[in-house]
Peer 1: 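One structure, pasted below without further comment.
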Amino acid sequence: NCLRTIGRLVSATAASGFSSAPRFASVVNCRVNQCQRNRWLSTVNMSGNNSASATSSSKQKYQPDFVPIYFILRDGSKVRVDCRVGDNLLDIIIDQNVDIDGFGACGGTLSCSTCHLIFDKANYDSLPNKVTEEEQDMLDMAYELSDTSRLGCQIVVTPDMQDWVIKVPNDVADARIL
């Protein structure tokens, strides 16, 4: 369904002679992120029983709307960011105006490696989605690549990520210009 919607956007854009590629990329990225968020939220809702008659509300697990995540920036400072569950880390860092020079240059279209982040091993292993071939291709061009590297545009925040500490590499490589 997400791909059909994006396909329609691409077809309509090409037919109309739309020439503003950055704006179009932003629109497509927004639709992709919305689809990812909705897909994630639907799996969360399907995994639990939401009917009030099945369990009392006091026994249901609390699911926060926001979780604090800490980022170690390039200068070594540690910044707390309140992250909305269901959003990806790239969008959160941009929306919260976290000062990371050059972060997310492609707007989340998986065509650069500027949103490269490094997780600790335990947290990396517990991420719900694994690295795709496309993401690995971009990571291969990133500086300071580690076994626990991921692109922020591919990581959707879950309640389990509360109080995680994520490192921003000291250098950035923009795969679009390599």
Side-chain angles (χ1 to χ4, degrees), residues 1-10 22-52 54-55 57-73 78-100 103-136 138-139 148-168:
N1 191 13
C2 294
L3 292 177
R4 275 187 296 226
T5 302
I6 292 168
R8 279 189 232 120
L9 278 171
V10 170
R23 182 159 189 237
F24 175 71
S26 175
V27 169
V28 170
N29 182 43
C30 179
R31 292 294 299 156
V32 169
N33 289 336
Q34 182 181 13
C35 290
Q36 287 174 337
R37 182 180 309 113
N38 291 344
R39 197 174 323 125
W40 180 83
L41 288 172
S42 69
T43 60
V44 169
N45 290 337
M46 291 172 61
S47 66
N49 188 341
N50 293 330
S51 71
T55 60
S57 61
S58 63
K59 291 185 181 181
Q60 289 181 343
K61 184 178 177 185
Y62 170 71
Q63 295 290 328
D65 293 331
F66 290 86
V67 294
I69 295 178
Y70 298 87
F71 292 90
I72 305 295
L73 302 181
K78 187 176 183 179
V79 175
R80 175 190 162 139
V81 178
D82 291 324
C83 302
R84 182 188 309 273
V85 171
D87 284 355
N88 71 51
L89 291 176
L90 168 67
D91 289 343
I92 290 166
I93 288 172
I94 291 171
D95 292 346
Q96 299 267 346
N97 295 316
V98 178
D99 189 20
I100 304 174
F103 196 85
C106 75
T109 60
L110 200 56
S111 60
C112 75
S113 57
T114 60
C115 63
H116 172 214
L117 298 169
I118 302 172
F119 294 80
D120 71 33
K121 180 72 171 141
N123 291 341
Y124 178 87
D125 290 340
S126 70
L127 287 169
N129 61 330
K130 301 304 174 200
V131 178
T132 63
E133 186 176 329
E134 294 85 5
E135 180 180 3
Q136 190 59 55
M138 290 297 105
L139 282 170
T148 60
S149 290
R150 292 295 302 270
L151 296 179
C153 64
Q154 301 301 301
I155 305 299
V156 175
V157 174
T158 66
D160 298 332
M161 296 172 84
Q162 183 168 338
D163 296 322
W164 281 18
V165 177
I166 303 170
K167 183 182 183 311
V168 177

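What's counted below: heavy atoms across the whole structure, side chains too, no hydrogens, waters or symmetry copies. In this text, all values refer to a predicted model and were calculated from it rather than measured experimentally.
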Peer 1: So, taking the atom named OG1 in T109 and the one named CG in L90, what distance separates them when rounded to the nearest 0.5 Å?
Peer 2: 9.5 Å

Peer 1: Quick check: do F71 and V81 have side-chain heavy atoms less than 4.5 Å from each other?
Peer 2: yes

Peer 1: Just so I know, are the side chains of C153 and L110 near enough to count as touching, which here means a heavy-atom distance under 4.5 Å?
Peer 2: yes

Peer 1: Can you measure from CG (D87) to CD (Q96) and round to the nearest 0.5 angstrom?
Peer 2: 9.5 Å

Peer 1: Should D120 and V165 count as side-chain neighbours, where that means a heavy-atom distance under 4.5 Å?
Peer 2: no

Peer 1: So which heavy atom on V85 is nearest to which on P159, and how close?
Peer 2: CG1-CD, 3.8 Å

Peer 1: Are any non-hydrogen side-chain atoms of I92 and I69 less than 4.5 angstrom apart?
Peer 2: no

Peer 1: Within this structure, what is the CE-CG distance for the pair M161 and L127, rounded to the nearest 0.5 Å?
Peer 2: 6.0 Å

Peer 1: Quick one, T158 and P128 - any side-chain contact, counting heavy atoms below 4.5 Å?
Peer 2: yes

Peer 1: Classify the angle between the aromatic ring planes of W164 and F119 as parallel (below 30°), tilted (30 to 60°) or perpendicular (above 60°).
Peer 2: perpendicular

Peer 1: As an exercise, state the distance from CD of E134 to CG of L139, rounded to the nearest 0.5 Å.
Peer 2: 12.0 Å

Peer 1: Taking it one step at a time, do L73 and V79 satisfy side chain to side chain contact (heavy atoms under 4.5 Å, CB included)?
Peer 2: CA-CA 7 Å; L73 302 181; V79 175; 3.4 Å; yes

Peer 1: Donor-acceptor check, side chain of T114 to backbone of F103, threshold 3.5 angstrom: yes or no?
Peer 2: no

Peer 1: Test your reading of the model: is there a side-chain donor-acceptor pair from E135 to the backbone of L151, 3.5 Å cut-off?
Peer 2: yes

Peer 1: Working to the nearest 0.5 Å, report the span between CE of M138 and CZ of R150.
Peer 2: 14.5 Å

Peer 1: Looking at N88 and D91, what are the two nearest heavy atoms and their distance?
Peer 2: OD1-N, 2.8 Å

Peer 1: Taking the side chain as every heavy atom from C-beta outward, state whether I166 and Y70 have any atom pair closer than 4.5 Å.
Peer 2: no

Peer 1: Is the count of non-hydrogen atoms from other residues, nucleotides or ligands lying under 6.0 Å from D95 atom CG greater than 12?
Peer 2: yes

Peer 1: Would you compute the distance between atom NZ of K78 and atom CD1 of I72 and round it to the nearest 0.5 angstrom?
Peer 2: 5.5 Å

Peer 1: Please examine the side chains of Y124 and I118, heavy atoms only from C-beta on, and report whether any two atoms are closer than 4.5 Å.
Peer 2: no

Peer 1: Do V67 and D82 come within less than 4.5 Å of each other through their side chains, counting heavy atoms only?
Peer 2: no

Peer 1: Determine the minimum heavy-atom distance between G152 and L117, stating which atoms define it.
Peer 2: CA-CD1, 3.8 Å

